[in-house]
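Taking it in order: structure first as structure tokens, then the write-up.
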Amino acid sequence: MKNTFEFKLPHFPTDNFEFENNIFSGKSTLKQNGVIVEQSKERGKPFLIKRVNDEIVEAFPKMNIPDISAQVLSIDGKRCVMAAQLKWYEYIIGALSFLSFFSVGAIGIIVGSTATIINYNFFRENTSRKHKYFKVFGVNIICLILYLIAVNLKMNQ
């Protein structure tokens with residue numbers, strides 16, 4: 001499962017960026033105007049973004065709490081958000097599936113966190129609000145069914 005975000009950076013006002021990361025493998029790529037940006041092997045694995053004058057700027061990918069589905073880039077100590085901020089209630093609705101799985105163990109937490117990331121991605125889509133909520137509602141219903149099955153199996157042991 002991949003997250004893809006298109007954005008602009010204040011340090012590079014004329015350039016278009018696209019960030020893609022695989023949630024499961026952790027592999028990420030950054031494109032600057034459609035060209036893949038080199039990623040350093042040094043600690044923190046910064047992306048080496050080139051300015052027009054060929055000066056290299058290091059951009060460090062960082063976690064974005066509470067929105068685990070969208071990372072930020074740290075450039076010169078400033079956090080640059082790559083995805084649109086969700087509304088407070090979208091964070092809560094999107095995380096309902098995650099919260100329900102705490103009582104069933106590690107597998108439940110993995111299922112719940114995956115569903116939460118899927119929900120956050122649905123909220124960022126460029127579709128109608130109604131369509132977004134139907135998708136999120138569907139994911140939450142599926143998680144509720146899986147939760148009830150897991151609790152039933154746990155009780156029958």
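When a residue number appears, it is its place in the shown sequence, counting from 1. Quick note: numbers below take in every heavy atom, side chains included, and nothing from hydrogens, waters or symmetry partners.
- The heavy-atom pair separating T114 from I110 by the smallest distance is OG1-O, 2.8 Å.
- A donor-acceptor pair is defined here as one N or O able to donate and one able to accept, closer than 3.5 Å; such a pair exists between the side chain of Y120 and the backbone of Y91.
- When hydrophobic side chains of Ile, Leu, Val, Met, Phe, Trp and Tyr are connected at separations under 4.5 Å, F60 ends up as a singleton with no cluster partners.
- In the hydrophobic clustering, where aliphatic and aromatic side chains (Ile, Leu, Val, Met, Phe, Trp, Tyr) are joined below 4.5 Å either directly or transitively, I149 groups with F137, I141, I145, L153.
- To the nearest 0.5 Å, the span separating NE2 on H131 from CZ on F122 amounts to 8.0 Å.
- Heavy atoms only, all atoms of each residue included: A115 and V139 are closest at CB-CG1, 3.8 Å.
- When every heavy atom of T116 is checked against every heavy atom of A95, the shortest pair comes out as OG1-CA, 3.7 Å.
- Put simply, the side chain of E18 reaches to within 4.5 Å of the side chain of T4, judged on heavy atoms.
- The side-chain contact (heavy atoms from CB on, under 4.5 Å) check on R129 picks up Y89, Y133, with sequence neighbours excluded.
- Legend: salt bridge (charged side-chain N to carboxylate O under 4.0 Å, His left out) pairs involving residues 106-122, not counting sequence neighbours: none detected.
- Looking only at side-chain heavy atoms (C-beta outward), S40 and F47 stay at 4.5 Å or farther from each other.
- Taking K132 as the reference, nothing meets the salt bridge (charged side-chain N to carboxylate O under 4.0 Å, His left out) condition, with sequence neighbours excluded.
- Pairs engaging residues 74-92 under the salt bridge (charged side-chain N to carboxylate O under 4.0 Å, His left out) rule: none recorded [sequence neighbours left out].
- Sorted pairs that involve residues 136-146 and meet salt bridge (charged side-chain N to carboxylate O under 4.0 Å, His left out), not counting sequence neighbours, are lacking altogether.
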message = For I49 and F17: C-alpha separation, side-chain torsions, deciding distance, then whether side chain to side chain contact (heavy atoms under 4.5 Å, CB included) applies.
response = CA-CA 10 Å; I49 304 173; F17 290 90; 4.0 Å; yes
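- Here L96 contributes atom CG and I92 contributes atom CD1; the two are 8.0 Å apart, rounded to the nearest 0.5 Å.
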Show me the side-chain donor-acceptor pairs of residues 5-16 shorter than 3.5 Å, one per line, residues at least two apart or across chains.
| unit_1 | atom_1 | unit_2 | atom_2 | d |
| --- | --- | --- | --- | --- |
| K8 | NZ | N16 | OD1 | 2.8 |
| D15 | OD1 | N33 | ND2 | 2.9 |
| D15 | OD2 | Q32 | NE2 | 2.8 |

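- With hydrogens and angles disregarded, a donor-acceptor distance shorter than 3.5 Å links the side chain of N119 to the backbone of G94.
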Show, in sequence, the C-alpha distance, side-chain angles and deciding distance for L30 and L73, and conclude whether the side chain to side chain contact (heavy atoms under 4.5 Å, CB included) test is met.
CA-CA 10 Å; L30 178 68; L73 287 177; 4.3 Å; yes
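- No more than 12 heavy atoms of other residues, nucleotides or ligands shown are found within 6.0 angstrom of CG on N126.
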query: Do F123 and N121 pass the side chain to side chain contact (heavy atoms under 4.5 Å, CB included) test, and can you show the C-alpha distance, the side-chain angles, and the key distance before you say yes or no?
result: CA-CA 5 Å; F123 278 130; N121 288 334; over 6 Å; no
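- Pairs of residues two or more places apart, or lying in two chains, that qualify as salt bridge (charged side-chain N to carboxylate O under 4.0 Å, His left out) and include a residue from residues 44-61 are R51-E55.
- One finds the CD1 atom of I117 at 10.0 Å from the OG atom of S97 (value rounded to the nearest 0.5 Å).
- In the hydrophobic clustering, where aliphatic and aromatic side chains (Ile, Leu, Val, Met, Phe, Trp, Tyr) are joined below 4.5 Å either directly or transitively, F134 stands alone.
- In the hydrophobic clustering (ILVMFWY side chains linked at under 4.5 Å, chained through shared members), L48 is joined by I56.
- Taken from CD1 in I93 to CG in L86, the straight-line distance is 10.5 Å, to the nearest 0.5 Å.
- With sequence neighbours excluded, no residue satisfies side-chain hydrogen bond (donor to acceptor under 3.5 Å, both in side chains) with K31.
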